[in-house]
> 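Got a structure for you, questions after.
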Amino acid sequence: MGIVVQRLDVIFRTAIVVELVLIATTWRLWLGAAQFPRVPLFAVFLPIPTIVVRIVSLALIVVLLIAATSDWRERSMPGRRISAVMLTLAGLAVCCNQHCLQPWHWLFMLTMLFGTIIPKEDLLDVLRRLLPCIYVFAAVSRFGPDIDSGMNHTIVSELLDFVDLTSLSTSKEIMSWLCLLTTMTELTVGLLLWISRTQQIGKVIAVTLHLVLIAALGPSGLNQLPAVTIWNVFLALWIIFLFPGPVQHQNQTPPSAAVLTTTAFCVIWSILALFGVTDNWTGWQLYSPRPETIQLQVHSDAIADLPASVALFVSETDPLDEWHTVRIDRWSLAAAGVPMYPQARFQLAIARTVISNLGNDDHVRIRLSTPIGPRWWQRTTVEFAGKAAIRKAATVCWLNATAR
């Protein structure tokens, strides 16, 4: 048991340190310093002022520092009380601003939750079943006619450029097959990590996959945000820590009720995300074309009424076209330092804030693209013309769709 606790200590402290680093790299989001609107998860948190949000975030940072440094010589993992405090503060930050529910923060919250409620003797097995969900459901959410679109296509193109095979990217058929291959590789990694006899093979492929992604997405490649590189480094380290060596099959015992229950929760929650019941990122739909997207367009006569902070993200248009697209996704990256939360309610809340000062209610329209019911690989697009129609569209959301 002592060796297991020491390993858990390394795993948990790594998660805590990485959470601290990622909060530091996205500090404008957490401390309310971004010009990007804040959208609470529940309407009851709308009156909460920015100073309270900052206090919650600062309290979380302090507790993370304490948890990361306390008793590190004894190599005993953080206790249940401090794990519960970290979970509470992390959850409060999300309640105040659902934009904070980035995939890495969701993984941190799950880790602290399990560290609080799961016995230590079962905790390592629980985390070994949680991590493969990221790979399995990220891959599953990409299957469909758009598998060769978006970031999947961009990453494959960048990798072809690395090996001086850029000419292959001009072939749509080859690109489709390569995008399918990368998605199948990610799915295979998750399945291999789930099965004890194949975990070591899965570990090698997974670490290699993350090294490739770091090369493609990091400073030497697409030069994405630092958080992307940190996330990939973290997952590679966690895989090494969680699956250090071959499993001794003769000593294996059947999984406990806690392990089975937790596994069922992780899997069912992610499956529900595919059907739109739970949120996309909490179901590990990373770089996926499945999540809802909106296209916000404003008439030329209303451009001057937009907030000054949005002006840089209004696209040019053709001479005969009077509608400009407002790239709120790029605004999120520039202002808050994180990708925009991929839920319709959140994007509608941001759009409503952007257009709140328009003098003419008819000078705005939104195209909302969403998956079709259980067939998440197929999509439908609905247009909402005018501020009243957009406001009505937001009222059908389960959770809060209004910005602070």
Side-chain angles (χ1 to χ4, degrees), residues 36-37 39 43 98-99 141-142 144-153 273-281 285 287-307 309-333 335 339-403:
F36 202 77
V39 185
Q98 55 190 287
H99 209 181
S141 69
R142 293 193 201 115
D146 295 325
I147 194 171
D148 57 353
S149 66
M151 276 304 298
N152 209 14
H153 185 280
L274 290 173
F275 297 100
V277 179
T278 55
D279 281 7
N280 300 305
W281 271 352
Q285 296 174 31
Y287 293 138
S288 170
R290 184 214 164 275
E292 307 95 286
T293 59
I294 70 167
Q295 182 186 36
L296 171 62
Q297 292 191 313
V298 175
H299 194 273
S300 300
D301 294 340
I303 296 298
D305 296 333
L306 295 175
S309 57
V310 184
L312 292 175
F313 309 99
V314 178
S315 66
E316 295 294 333
T317 185
D318 296 330
L320 299 179
D321 190 355
E322 297 180 324
W323 291 92
H324 297 256
T325 298
V326 182
R327 294 296 302 270
I328 56 177
D329 55 334
R330 293 182 180 175
W331 184 30
S332 172
L333 290 171
M340 190 165 59
Y341 195 62
Q343 293 295 138
R345 65 172 188 272
F346 181 83
Q347 297 175 56
L348 285 170
I350 301 302
R352 290 172 63 195
T353 302
V354 170
I355 64 175
S356 59
N357 291 328
L358 297 191
N360 190 325
D361 287 1
D362 295 327
H363 278 176
V364 61
R365 65 188 183 191
I366 279 179
R367 292 189 179 99
L368 174 63
S369 175
T370 58
I372 301 177
R375 296 172 294 172
W376 71 82
W377 55 90
Q378 297 183 10
R379 304 183 70 82
T380 183
T381 301
V382 180
E383 182 171 309
F384 301 95
K387 292 169 68 174
I390 295 170
R391 185 166 53 249
K392 184 178 179 180
T395 60
V396 303
C397 300
W398 291 12
L399 298 174
N400 176 52
T402 302

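By convention here, the first residue in the shown sequence is residue 1.
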> Arg290: what forms a side chain to side chain donor-acceptor pair (under 3.5 Å) with it, not counting sequence neighbours?
Asn280, Gln285
> Only pairs at least two apart or in different chains count here, so list each ring pair (Phe, Tyr, Trp, His ring centres under 6.0 Å) that has a residue in residues 350-370.
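Qualifying pairs, neighbours excluded: His299-His363.
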> Any salt bridge (charged side-chain N to carboxylate O under 4.0 Å, His left out) pairs touching residues 357-366, not counting sequence neighbours?
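Checked against salt bridge (charged side-chain N to carboxylate O under 4.0 Å, His left out) - neighbours excluded - the pairs reaching residues 357-366 are Asp361-Lys387.
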> Does any pair with a residue in residues 340-351 pass salt bridge (charged side-chain N to carboxylate O under 4.0 Å, His left out), and if so which ones, sequence neighbours excluded?
Asp279-Arg345
> Measure the shortest side-chain to side-chain distance between Val298 and Val314 over non-hydrogen atoms and say whether it is less than 4.5 angstrom.
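They are not in contact (no side-chain heavy atoms under 4.5 Å apart), so the answer is no.
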> With sequence neighbours left out, write down each residue that passes side chain to side chain contact (heavy atoms under 4.5 Å, CB included) with Ala389, or none if nothing qualifies.
Phe384
> Side chain to side chain donor-acceptor pair (under 3.5 Å) with Thr402: which residues, sequence neighbours excluded?
Arg352
> Not counting sequence neighbours, list each pair that qualifies as a salt bridge (charged side-chain N to carboxylate O under 4.0 Å, His left out) and has a residue in residues 371-383.
Arg367-Glu383
> Using the test side chain to side chain donor-acceptor pair (under 3.5 Å), find all partners of Thr278 that sit at least two apart in sequence or belong to another chain.
none
> Using the ring pair (Phe, Tyr, Trp, His ring centres under 6.0 Å) criterion, which residues pair with His324? Sequence neighbours excluded.
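If we apply the ring pair (Phe, Tyr, Trp, His ring centres under 6.0 Å) test to His324, skipping adjacent residues, there are no hits.
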> Considering residues at least two apart in sequence or located in another chain, which fulfil the side chain to side chain donor-acceptor pair (under 3.5 Å) criterion with Asp146?
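Scan of Asp146 (side chain to side chain donor-acceptor pair (under 3.5 Å), adjacent residues dropped) gives none.
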> Just jot down the ring pair (Phe, Tyr, Trp, His ring centres under 6.0 Å) partners of Trp376, sequence neighbours excluded, or say none.
Phe275
> Test: salt bridge (charged side-chain N to carboxylate O under 4.0 Å, His left out). Region: residues 295-307. Which pairs qualify, not counting sequence neighbours?
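The answer is none; no pair qualifies.
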